[in-house]
*Asks:* 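Before anything else, here's the structure in question.
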Amino acid sequence: MTIDNSDNSTPNTNTSTDFIRAIINEDNLAGKHAGRVQTRFPPEPNGYLHIGHAKSICLNFGIARDYDGLCNLRFDDTNPSKEDVEYVDSIMEDIRWLGFNWGDRLFYASDYFQQIYDWAVQLIKAGKAYVCELTADQVRETRGTLTAPGTNSPYRDRPIAENLDLFERMKNGEFPDGSKTLRAKIDMASPNLNMRDPVMYRILRATHHRTGDTWCIYPTYDFTHGQCDSIERITHSICTLEFENHRPLYDWYIRELGIFAPRQIEFARLNLTFTVMSKRFLLQLVKDGFVSGWDDPRMPTLCGVRRRGYTPEALRDFCATIGVSKVDSTVDIALLEHCLRNDLNKRANRVMGVLRPLKVIIDNYPEGEVEQMEAINNPEDASAGTRLVPFSRELYIEQDDFREAPPKKYHRLAPGQEVRLRYAYLVRCTNVVKNPTTGEVVEVHCTYDPATRGGNTPDGRKVKGTIHWVSAAEALPVEVRLYDRLFTKANPYDVPEGVDFKTNLNPNSLERLTNCFVEPSLRGAAPGSRCQFERLGYFCVDPDSTADRLVFNRTVSLVDSWAKIEKKG
RNA sequence: UACCCGGUGGUGUAAUGGUAACACAAGGGAUUUUGGUUCCCUCGUUCAAGGUUCGAAUCCUUGCCGGGUAGCCA
């Protein structure tokens, strides 16, 4: 076993202070909360976490860590029609995998349903809320538009006692779904549409994944989130930009209720080139069968990139590198890949593997002889040691590493040309055997120089090309899956009016290679193990592997400077 | 064109009234038993116009451009 799967964390040295930390510093300087800092990560359990969530997780938990504070995990489960324990479980697993810990501070908005109900009653008693019997359509019609004020609901000035009675009967299930709502009495002419008598409670008969059928009325996000933050004594409630217009409402509820006031701060969500980062669209890819599931290695979900072989360290480094701001921006996926290579380069052991095999026969090497060649496991880490790789007369090399008619500057194997077989011998191509009908080269014949064992050149001669190989008899047959971007456009949403974003899906995003070979040291490698196939990229053992057949996912390719040279000619 | 938010190299992020910088990308070179890694170099930036100031990316005004908001979703 030569591969390294350790979890040696690379501490993030980014010391820049983002605008959120600037606000917290200000608050601390002003003596707010006596310097206490508490944040929370509040996912709705209606889908799987993705790289965008990683940004939020790193932010919230990172701030708590930096300020000796705490970060809670809270499920924002106020809409039972979309939520499920399947998502709750996956979310917890993914956060842990990313390397964060919420300790004993696991909460659910549904934990607070009774308290939130009591607060609604309090607002009714204060004349700040009323039961409205307008239908959803009528509410929309009377809300006004972006430029025109709304009109008051005819139920707006109902007596308090009647509101109290009706609201209790809503809770008791006396009215059908959607027939009544509880609304805050604010201002139907407010330029901020969120302040035009927003709905606080709706009647919704759905079995909640935690509270079952205890409730048939559920509070909306707006009438829930701030109060949950308040209950948990969150000092800084960090959310994404689309909630900016909700902040006045967030503050209004807190103020009217007279409870602990957290501060909501908004930041820009993450966009990545060639990537769709929306639960709704990701769900479509899963449901329509474009991918094998939420954990398909092409998905930007945390379980997907985990299966692909991404490391939590690389993801954290990425999140630290992209920073935090309020600017709508799209990060180049190349930066994420850089972070990955940067991490993997230090920790992934090198092994030799051949994706598209080409038979090589060393004519002057004794038949039946096997030599064990010593190979370095990781040139970036001497403590990784060495291993032995069997060498023999018949080998496989990469098809790419042989050209019958080599282009300029091609340093690998070609008729008459000499290359180094890594850790083995220098060989020179003498002739080739072709398939008589297709003309394709099926076998390359070489002679080796016995004086160059280990790849050394005692006479000091220079060989520009060093290629990898496996011994045909000893090599392990494996399957390898290569992945390309899921979308062909940097912005997958960039489609003409009325056209589905899925037209931008890349039909070649998955390539299965079933005829691959790796060196025998990989026998028995565990799913999740990572390694670098020299010159081919970083790979990770897929859970689809069986006891006698390994399946590898290519995590990310290596930087390929030869491709650029060849392209230029 | 109601309100809110934003605008710094190709991309992302710093500089918070005092020399515009870091990373990625791109281009070039050195080293290399991975065309990897590492190292060096190059490229290129404050949306615009006014104003305040000894001094403005930063503060003010106006304009321009981009995003968000009319769920009983979050």
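Convention: sequence-line order gives letters A, B, ...; per-chain numbering from 1.
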*Asks:* Atom OG1 of A:T151 and atom CG of A:D197: how far apart are they, to the nearest 0.5 Å?
*Replies:*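 Answer rounded to 0.5 Å: 10.0 Å.
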*Asks:* Pick the P atom in B:C43 and in B:G6, then give their distance to the nearest Å.
*Replies:* 34 Å
*Asks:* Calculate the interatomic distance between A:L536 atom CG and B:G35 atom C1'; express it in whole Å.
*Replies:* 12 Å
*Asks:* Please state the P separation for the pair B:U62 and B:C3 - nearest whole angstrom.
*Replies:*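 Straight-line distance between the two P atoms is 12 Å.
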*Asks:* Grab the NZ-P distance between A:K55 and B:G12 for me, whole Å please.
*Replies:* 11 Å
*Asks:* I'd like the P distance from B:U58 over to B:A48, given in whole Å.
*Replies:*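 Straight-line distance between the two P atoms is 10 Å.
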*Asks:* Between the base of B:G35 and the side chain of A:R412, is there a donor and acceptor pair under 3.5 angstrom?
*Replies:* yes
*Asks:* Under 6.0 Å between ring centres, would you say that holds for A:F539 and A:F533?
*Replies:* yes
*Asks:* Which is true for A:V463 with a 4.0 Å heavy-atom rule: it touches a base, it touches only sugar-phosphate, or it touches nothing?
*Replies:* nothing
*Asks:* With a 4.0 Å cut-off on heavy atoms, is A:Y425 in touch with a base, just the backbone sugar-phosphate, or nothing at all?
*Replies:*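 Touches nothing.
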*Asks:* Figure out the CG/C1' separation between A:L335 and B:C24, and round it to whole Å.
*Replies:* 5 Å
*Asks:* Tell me if the centroids of the rings in A:Y250 and A:F243 come within less than 6.0 Å of each other.
*Replies:* no
*Asks:* Using purine N1 to pyrimidine N3 plus N6-O4 or O6-N4 for Watson-Crick, or N1-O2 and O6-N3 for G-U wobble, each under 3.5 Å, what pairs with B:C3?
*Replies:*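 Because both required distances fall under 3.5 Å, B:C3 counts as paired with B:G68.
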*Asks:* Under 30°, 30 to 60°, or over 60°: which ring-plane class applies to A:Y117 and A:F167, parallel, tilted or perpendicular?
*Replies:* parallel
*Asks:* Provide the Watson-Crick or G-U wobble partner of B:U42, both distances under 3.5 Å; none if there is no partner.
*Replies:* B:A26
*Asks:* Ignoring hydrogens and angles, does a donor from either the side chain of A:E566 or the base of B:G35 sit under 3.5 Å from an acceptor on the other?
*Replies:* no
*Asks:* Please give, in whole Å, the distance from B:C24 C1' to A:I333 CD1?
*Replies:* 13 Å
*Asks:* Please determine, by modelled atom types, if A:D381 and A:S383 share a side-chain donor-acceptor pair under 3.5 angstrom.
*Replies:* yes
*Asks:* Any side-chain N or O of A:H338 less than 4.0 Å from the OP1 or OP2 oxygen of B:C24?
*Replies:* yes
*Asks:* Ring centres under 6.0 Å, that's the criterion: do A:Y87 and A:H209 meet it?
*Replies:*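 Judged by ring-centre distance (under 6.0 Å), A:Y87 and A:H209 do not meet the cut-off.
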*Asks:* By nearest heavy atom, map A:I467 and A:T330 onto RNA chain B; which one lands nearer the 5' end?
*Replies:*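 Looking at RNA chain B, the more 5' nearest nucleotide goes with A:T330.
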*Asks:* So, for A:Y201 and A:Y218, is the gap between ring centers shorter than 6.0 Å?
*Replies:*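 When the ring centroids of A:Y201 and A:Y218 are compared, they turn out to be at least 6.0 Å apart.
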*Asks:* Taking 4.0 Å as the cut-off, does a side-chain nitrogen or oxygen of A:R535 come that near to OP1 or OP2 on B:G35?
*Replies:*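 For B:G35, OP1/OP2 do have a side-chain N/O of A:R535 under 4.0 Å.
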*Asks:* Walk me through whether A:R350 and A:N377 qualify under side chain to side chain donor-acceptor pair (under 3.5 Å).
*Replies:* CA-CA 5 Å; A:R350 274 56 168 174; A:N377 287 333; over 6 Å; no
*Asks:* Under 4.0 Å from OP1 or OP2 of B:U13: is there any side-chain N or O of A:S329 that close?
*Replies:*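 Looking at the OP1 and OP2 atoms of B:U13, one of them is under 4.0 Å from a side-chain N or O of A:S329.
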*Asks:* Taking the nucleotide of RNA chain B with the nearest heavy atom to each, does A:N345 or A:A334 sit closer to the 5' end?
*Replies:*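 In this pair, the answer is A:A334.
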*Asks:* When the P atoms of B:C59 and B:U16 are compared, how many Å lie between them, rounded to an integer?
*Replies:* 12 Å
*Asks:* Tell me what A:Y218 touches on the nucleic acid: a base, only sugar-phosphate, or nothing, going by heavy atoms under 4.0 Å.
*Replies:* nothing
*Asks:* With respect to A:S237, which candidate in A:R263, A:Q264, A:R40 satisfies the side-chain hydrogen bond (donor to acceptor under 3.5 Å, both in side chains) definition?
*Replies:* A:R40
*Asks:* Between B:U38 and B:C5, how many Å separate the two C1' atoms, rounded to a whole number?
*Replies:*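 Approximately 44 Å lies between the C1' atom of B:U38 and that of B:C5.
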*Asks:* With the 90 degree cut-off around zero defining syn, does B:G71 come out syn or anti?
*Replies:* syn
*Asks:* Taking only the C1' atom of each, what is the distance from B:G17 to B:U52 in whole angstrom?
*Replies:*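 To the nearest whole Å, 11 Å.
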*Asks:* Before we go on, tell me: are the rings of A:W119 and A:F223 under 6.0 Å apart, centre to centre?
*Replies:*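 They do not qualify: ring centres at least 6.0 Å apart.
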*Asks:* Using a cut-off of 4.0 Å between protein heavy atoms and nucleotide atoms, how would you tag nucleotides 62-74 of chain B 5' to 3' with B, S and -?
*Replies:* -----SBBBSBBB
*Asks:* Which base sits across from B:A14 as a Watson-Crick or G-U pair, both distances under 3.5 Å?
*Replies:*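 None - no nucleotide pairs with B:A14, as no candidate has both distances under 3.5 Å.
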*Asks:* Could you please name the partner base of B:C73, counting Watson-Crick and G-U wobble pairs only when both distances are under 3.5 Å?
*Replies:* none
*Asks:* Rounded to whole angstrom units, what separation is found between the CZ atom of A:R350 and the C1' atom of B:U38?
*Replies:* 12 Å
*Asks:* Give none if B:U31 has no partner; otherwise give the nucleotide forming a Watson-Crick or G-U wobble pair with it, both distances under 3.5 Å.
*Replies:*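 Pairing partner: none.
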*Asks:* Whole angstrom is fine here: how far is it from CD1 in A:I376 over to P in B:U37?
*Replies:*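 Nearest whole value for this atom pair: 18 Å.
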*Asks:* Write down the distance separating the P atoms in B:G7 and B:A15, rounded off to the nearest Å.
*Replies:* 13 Å
*Asks:* Rounded to whole angstroms, how far apart are NE2 on A:H468 and P on B:U34?
*Replies:* 13 Å
*Asks:* Taking only side-chain N and O atoms of A:K568, does any of them lie within less than 4.0 angstrom of OP1 or OP2 on B:A26?
*Replies:* no
*Asks:* Over how many whole Å does the gap from A:L270 atom CG to B:G12 atom P extend?
*Replies:*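 Rounded to the whole Å, the gap is 11 Å.
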*Asks:* With rounding to whole Å, what would you report as the distance between B:U19 and B:C40 at their C1' atoms?
*Replies:* 24 Å
